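Notes follow once the structure below has been shown.
Since the structure is predicted, the reported quantities are computational estimates derived from the model, not experimental observations.
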Amino acid sequence: MKRIASVIGLAPENRDEYEAYHAAVWPEVLQTITACNIRNYSIFRYGDLLFSYYEYVGDDYAADMAKMAEDPATQKWWAVQEPLQTRLPGTPEHEQWLPIAEVFHHD
């Protein structure tokens, strides 16, 4: 199992809309998340910063992320969500969220 964490900005004027969408995530998007071997997925908000955490339980992360990116419902979801978010400095060119390093873990 691989733990993944990332951060992104959220402008205050987009907060209500973003949280409303995430209170009722489209079922097709949730099905794709599960089909791509993602478990225990959470997004937290601290002020204008979103923190995402999930656990990847598959064997080929790159292939599963490609599968997710090819899903039409997920593409539509991302098209709605991306304008609400603010990419942070240092975010890799091909990423929306900034991956962050794990510095401690205890089971």
Side-chain angles (χ1 to χ4, degrees):
M1 191 259 306
K2 177 179 181 176
R3 290 180 299 279
I4 309 291
S6 56
V7 292
I8 197 166
L10 178 67
E13 63 269 17
N14 296 335
R15 183 179 299 158
D16 290 343
E17 184 177 2
Y18 186 87
E19 290 183 1
Y21 272 114
H22 285 81
V25 177
W26 304 342
E28 304 89 343
V29 171
L30 296 175
Q31 290 168 357
T32 299
I33 289 170
T34 300
C36 291
N37 295 303
I38 292 175
R39 305 292 185 273
N40 199 23
Y41 189 12
S42 299
I43 298 174
F44 300 88
R45 184 181 58 76
Y46 178 73
D48 299 336
L49 186 66
L50 296 172
F51 168 78
S52 166
Y53 171 85
Y54 61 86
E55 296 166 353
Y56 176 72
V57 297
D59 296 321
D60 190 342
Y61 185 73
D64 280 331
M65 295 306 99
K67 176 181 174 181
M68 181 177 292
E70 293 168 1
D71 176 64
T74 300
Q75 290 173 358
K76 289 177 187 174
W77 177 262
W78 288 346
V80 171
Q81 300 307 309
E82 286 179 10
L84 302 176
Q85 302 165 337
T86 305
R87 292 177 78 239
L88 298 175
T91 302
E93 190 71 28
H94 62 283
E95 300 283 342
Q96 180 71 5
W97 289 66
L98 175 64
I100 56 176
E102 180 177 306
V103 296
F104 177 77
H105 175 79
H106 175 73
D107 280 322

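- Across every non-hydrogen atom of Ser52 and Tyr41, the tightest pair is OG-CE1, 3.2 Å.
- With sequence neighbours left out, Thr32 forms a side chain to side chain donor-acceptor pair (under 3.5 Å) with Asp71.
- Partners of His105 under the side chain to side chain donor-acceptor pair (under 3.5 Å) rule, at least two apart in sequence or in another chain, are Arg3, Asp107.
- Contact annotation: the side chain of Thr86 never approaches that of Asn14 to less than 4.5 Å [non-hydrogen atoms, C-beta and beyond].
- Checked against salt bridge (charged side-chain N to carboxylate O under 4.0 Å, His left out), Glu82 has no partners two or more places apart in sequence or in another chain.
- At a threshold of 4.5 Å between side-chain heavy atoms, the hydrophobic network of Ile, Leu, Val, Met, Phe, Trp and Tyr places Phe51 and Ile33 in two separate groups.
- Here the closest heavy-atom approach between residue Val80 and residue Leu84 is recorded as O-CG, 3.7 Å.
- With sequence neighbours excluded, the residues satisfying salt bridge (charged side-chain N to carboxylate O under 4.0 Å, His left out) with Asp48 are Arg15.
- For Arg39, the side chain to side chain donor-acceptor pair (under 3.5 Å) test picks out no residue, with sequence neighbours left out.
- Although no hydrogens or angles enter the test, the distance criterion places a donor-acceptor pair under 3.5 Å between the side chain of Arg87 and the main chain of Pro92.
- Residue pairs that meet the salt bridge (Lys or Arg N to Asp or Glu O under 4.0 Å) test with at least one member in residues 54-70, sequence neighbours left out, do not exist here.
- Under the side chain to side chain contact (heavy atoms under 4.5 Å, CB included) criterion, Pro27 pairs with no residue at all, not counting sequence neighbours.
- A search for ring pair (Phe, Tyr, Trp, His ring centres under 6.0 Å) contacts involving Tyr53 returns nothing, not counting sequence neighbours.
- Both Leu50 and Tyr54 belong to a single network of hydrophobic side chains, linked directly or stepwise wherever heavy atoms of I, L, V, M, F, W or Y lie under 4.5 Å apart.
- Under the ring pair (Phe, Tyr, Trp, His ring centres under 6.0 Å) criterion, Trp77 pairs with Tyr21, His22, Trp26, sequence neighbours left out.
- Contact between Arg45 and Leu10 at its shortest, heavy atoms only, is CD-CD2, 3.9 Å.
- Using a 4.5 Å cut-off between side-chain heavy atoms of Ile, Leu, Val, Met, Phe, Trp and Tyr, with links allowed through other members, Ile100 and Ile38 fall into different hydrophobic clusters.
- Within the 4.5 Å cutoff, the side chain of Val7 has no heavy atoms near those of the Pro99 side chain.
- When hydrophobic residues (I, L, V, M, F, W, Y) are linked wherever their side-chain heavy atoms come within less than 4.5 Å, Tyr46 remains an isolated member.
- Within the 4.5 Å cutoff, the side chain of Ile4 has heavy atoms near those of the Tyr61 side chain.
- Tracing side-chain contacts under 4.5 Å through hydrophobic residues (I, L, V, M, F, W, Y), one never reaches Met1 starting from Tyr56; they form parts of separate clusters.
- Using a cutoff of 4.0 Å between basic side-chain nitrogens and carboxylate oxygens, Lys76 and Glu28 are not scored as salt-bridged.
- Legend: ring pair (Phe, Tyr, Trp, His ring centres under 6.0 Å) pairs involving residues 78-103, not counting sequence neighbours: none detected.
- Evaluation of the side chain to side chain donor-acceptor pair (under 3.5 Å) rule for Gln96 yields Gln85 as partners, not counting sequence neighbours.
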